[in-house]
Structures are given as structure tokens and as C-alpha cells.
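Structure first, then comments.
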There are 2 protein chains.
Amino acid sequence: MTSSAQAEARRPRRPSGGPESLLDKAVLEFNARGYDATSMEDLSRAAGITKSSFYHHFAGKEALLRAALERALDGLFSALDDPPGVEPAVGPSERLRRIVTRQVRVLMDDLPYVTLLLRVRGNTPTERWALQRRKAYDAEIAALVRAAVDAGEIRAGVDPALAARLLSGLVNSVSEWYRPGRRGTASLPEDVARAIFAGVLPAADPA
Amino acid sequence: MTSSAQAEARRPRRPSGGPESLLDKAVLEFNARGYDATSMEDLSRAAGITKSSFYHHFAGKEALLRAALERALDGLFSALDDPPGVEPAVGPSERLRRIVTRQVRVLMDDLPYVTLLLRVRGNTPTERWALQRRKAYDAEIAALVRAAVDAGEIRAGVDPALAARLLSGLVNSVSEWYRPGRRGTASLPEDVARAIFAGVLPAADPA
DNA sequence: GTCTATAATCAGATAGAC
DNA sequence: GTCTATCTGATTATAGAC
């Protein structure tokens, strides 16, 4: 008997597996059908308990959303800073490259949570709160892009505001198709950073 | 009195302005709140008629969605071909550049329709039909990217499947922020094409 | 082509037993 | 911590008068 099977047997009265597991399952459902199209009935069925039992763990549908978006935003913001012990980047361009790399990594690690965040429309106070925090994050990226252009590290003629939007768009679009374990995505964070600075389809060097 | 004001006066019994106008207004509502979160009540209020009157023009909510997605998909596919009278592109790379440029233009012209399409999740038969057609479109793009790589026009080492996904992601991300009349977007189609082939943040030429 | 009124269903949420 | 039963309100859609 494996230890996980033992653990299973030790808690037969808790098929839901605790709030974290419930949140994980709920986020998957939200992403599969969209937040608004997902009912509490759907969530409880996916968790293997009844609707009423679900309300014992979360105050309601929006509380679930809030918890999920909080996790996604915390992950995103963590990509802004170098891990402790790493020497600081020499210029804004290099700092951006590191942030893009880390942001893609966060996106891959917390895919369902970040995906949910990126689809928020602003229908409820919780959603508007998330949109505001996202906006603050995007502003940090835009400021760095401006700094890189001002420092002369980027080719003349590039509009910083436009470049910042395209950068975020390219990075975030990974959530539309990436799935864990997908072939050819081992170096995805670096590949996306390369696409940002050299192009998605860079011209071949003349032979 | 302007001619549009005359037309207004000539049809006082038709405040809805016909099915096309209804569809326009409905798509705006869908995008503002999300398709599922938008009720028929919301739609009829935005159109200035009652819910019942709305049902006189469209069979239901899904019929509206179908009509809107059809228009978006027709626009997208129209970007695949050169307009009549234009000489064909010399290679796959140049053909891709033209398609990207035209696709961004379609996105800008039919922004609400394309936005709606890009947010479809697959909850209903209509949505799954739209997803299938989108998939077919993406496959055409992916085939062209492969051809460009095989022709040696793209720098060695670029994975065609990944590049195709990033290309579509970058192009489609424009729908997340573009609004008609926005400053600095006059040359957006060309700017996006340049970002694809040279990078969002191309390094400055060494002085 | 528009309206009022209403049917039928389903949603989020709660009460209270075990 | 889970359940059955239920409340309340919103939603899609229709009937039928004008």
C-alpha cells in the first residue's frame, strides 16, 4: 500500500480534500466554461460534494474568484524582482529580459490561476480590484520599456507605449495554448524573451 | 436638416434601426460584460426596445452570437488572400507579412466582432463551431510559418509550431487594448508586422 | 414592430438535521 | 463536514393584444 493510499484511507470523511484542493478544482472549471457560465452546482459536482457543503468552505462564488485572483496577482508581481542573492541587472533592457523570463515561468507554474486573471472583465468589485492591480503591473512594465528606449538600448523609432502593450500581449498569449508537459516548451521562458528582443520570425543571416 | 436626421424622422416606429444595428449594439454589450453575463434584458435595454421586441428580430441569444461570430470569421479568412489585382508574394515570409498586416487591419475595422470571437470558450454548439473555424485559420498560418522556415528565410533554430503560436498571440493581443481613434495607432498593422520579424524591442544598432 | 404579462427554469444562497 | 429541502430572484423565452 502506498503512503498516498494510506492517507486516502485515513480521511474518508473529507472527499473534498480541503479548501486548496477545492480552489484548484474551481479554477479549472472557471477556465473551462468561463466564470459566469460556471454555476455553484458545477463546482460542487467537480469537487464531489454538494452545493451546500461547498458553501461551508467558501462564502460564495465571488470569494472563490477573489482567492484565485489574489494568488495569480501575487505570482505576477513576484516576477518583477530578482530572487534574493542575484546581482542586479546592468540596464533596463536586461532587467526586462529577466522579468519576461520569470513572468512566463509564473504563467507556466500557475497556469490556471493566471489564465483566470487574464480573462477578468470587471463585472464585480472583486474583478475591478483585480483589473486595477493588473493595470499597476502593466504600468511597471511600461515604465521599464520607456527607460530602455530612453537609455538608447532599443532601436530608434520604437514607440515605448506601443512596445509595452505588444510585449505584454505576447507574454500573456502563452496562456492561450500552453499546457503542462507540452512538447517543445522546456525553454519557453527564454524563447519568449528571444522573440521579444529579436522577433518571432527573425530573418535568416545572409549566408 | 441633415439627411440622417430626415431618415430618423421617416422611421419613428423603428427605434431599433434594423437587425444590423441590433447586432452591433449586442456585440458591444457582450464584450463589455462577457457573453454569459449579458442578459437579453441588457441587450434590449441597450437597443431601446423591450425583450419581446428583440425576439422578433433574433431567435435568441445564441442566434445573435452566431451572426456575430460569422462576421468575425469571414473577416479573418479574408486576410489570407491578396486583394484582386495584386501580384502574388515572392516567398512565404513576404506572404506572412502581408497577412499579418491585413489581419491587424481586420481586427481594427471589426474590433468588437473579432474581440468576441477571440473570447469564445466552447460552451455551446455555436461556440464550438467557431472554435473549429478558428483552428482551421490558425493551421493555415502555422503551415505558412513552416514553409518560411523550410525555405531558409527564418533564422535557424526557430521552432515553427512555437513561432506560429507566438505570432497569432501577438497579433490577436491587439484586441485587448486597441480602441478606434487611439493616438499612435495609424501605422499599427505595419508596426505589428515589424515586431513579428524584427522584435518588439529590437536592440539599437551599435553606433 | 412593439408592447404587457407570464410561463418555465435555473441561479446563488440559507436552514437545519445528522 | 456533509447532507436534503427550500427560499428568492433572475433568466430565457412565449402568448397575445395593439
Side-chain angles (χ1 to χ4, degrees), chain A residues 7-27 29-69 116 120-121 123-127, chain B residues 7-27 29-69 116 120-121 123-127:
Chain A
E8 195 80 16
R10 232 181 281 120
R11 43 179 156 90
R13 300 287 162 81
R14 204 206 242 170
S16 65
E20 289 95 53
S21 166
L22 286 183
L23 188 58
D24 274 354
K25 284 169 180 153
V27 169
E29 293 290 305
F30 287 154
N31 285 332
R33 297 186 251 206
Y35 173 73
D36 290 293
T38 306
S39 70
M40 291 296 289
E41 183 73 42
D42 294 329
L43 299 182
S44 51
R45 196 183 320 111
I49 58 178
T50 61
K51 222 171 14 157
S52 313
S53 298
F54 212 111
Y55 277 99
H56 182 79
H57 299 282
F58 287 92
K61 204 175 157 182
E62 194 159 1
L64 276 161
L65 182 63
R66 170 98 190 193
L69 295 180
L116 187 64
V120 154
R121 303 290 322 137
N123 291 338
T124 64
T126 295
E127 297 194 7
Chain B
E8 195 81 16
R10 230 181 284 120
R11 43 178 157 92
R13 298 290 162 76
R14 204 206 242 170
S16 64
E20 290 93 53
S21 166
L22 287 183
L23 188 57
D24 275 353
K25 284 167 180 155
V27 170
E29 293 289 306
F30 287 155
N31 285 332
R33 298 185 249 207
Y35 173 75
D36 290 292
T38 305
S39 70
M40 291 296 287
E41 182 73 40
D42 295 328
L43 298 182
S44 50
R45 197 184 318 112
I49 57 179
T50 60
K51 224 176 5 162
S52 312
S53 298
F54 212 109
Y55 277 99
H56 182 78
H57 300 281
F58 287 91
K61 205 174 155 182
E62 194 160 3
L64 276 160
L65 182 63
R66 171 97 192 194
L69 296 179
L116 188 63
V120 153
R121 304 295 320 140
N123 291 338
T124 64
T126 295
E127 297 194 7

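A, B, ... follow the sequence lines: proteins, then strands. Residue 1 opens every chain.
Separating the CE atom in A/M40 from the OG atom in A/S52 is a distance of 9.5 Å, to the nearest 0.5 Å. Annotation: the span from B/I49 atom CD1 to B/H57 atom NE2 amounts to 5.0 Å, rounded to 0.5 Å.
Regarding B/Y55, its OH atom lies at a distance of 17 Å from the P atom of C/dA7, rounded to whole Å. Between the OH atom of A/Y35 and the P atom of C/dA11 there is a distance of 14 Å, rounded to whole Å. Atom NZ in B/K61 sits about 13 Å away from atom C1' in C/dC10, given to the nearest Å. Between the CG atom of B/L64 and the P atom of D/dA13 there is a distance of 10 Å, given to the nearest Å. In this structure, CG of B/D36 is placed 14 Å from C1' of C/dC10, rounded to the nearest angstrom. Between the P atom of D/dT11 and the CE atom of B/M40 lies a distance of 12 Å, rounded to the nearest Å. Atom CZ of B/F54 and atom P of D/dA15 are 20 Å apart (whole Å). One atom, CD of B/E41, and another, P of D/dT11, lie 8 Å apart when rounded to the nearest Å.
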Write down the protein N/O and nucleotide N/O pairs, taken from nucleotides 4-7 of chain D, whose separation is under 3.5 Å; answer none if there are no such pairs.
unit_1, atom_1, unit_2, atom_2, d
D/dT4, O4, A/S52, OG, 2.4
D/dA5, N6, A/S52, OG, 3.4

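Contact annotation: the side chain of B/L43 never approaches that of B/L22 to less than 4.5 Å [non-hydrogen atoms, C-beta and beyond]. Using a 4.5 Å cut-off on side-chain heavy atoms (C-beta onward), B/P125 and B/E62 make contact.
Counting non-hydrogen atoms under 4.0 angstrom, B/S44 reaches nothing in the nucleic acid.
Under the 3.5 Å distance criterion, the side-chain polar atoms of B/K61 are matched with a main-chain donor or acceptor of B/Y35.
Under the salt bridge (Lys or Arg N to Asp or Glu O under 4.0 Å) criterion, B/D42 pairs with B/R33, B/R45, sequence neighbours left out.
Considering only side-chain atoms of A/H56, the nucleotide from C/dT2, D/dT2, D/dA13 that sits closest is D/dT2.
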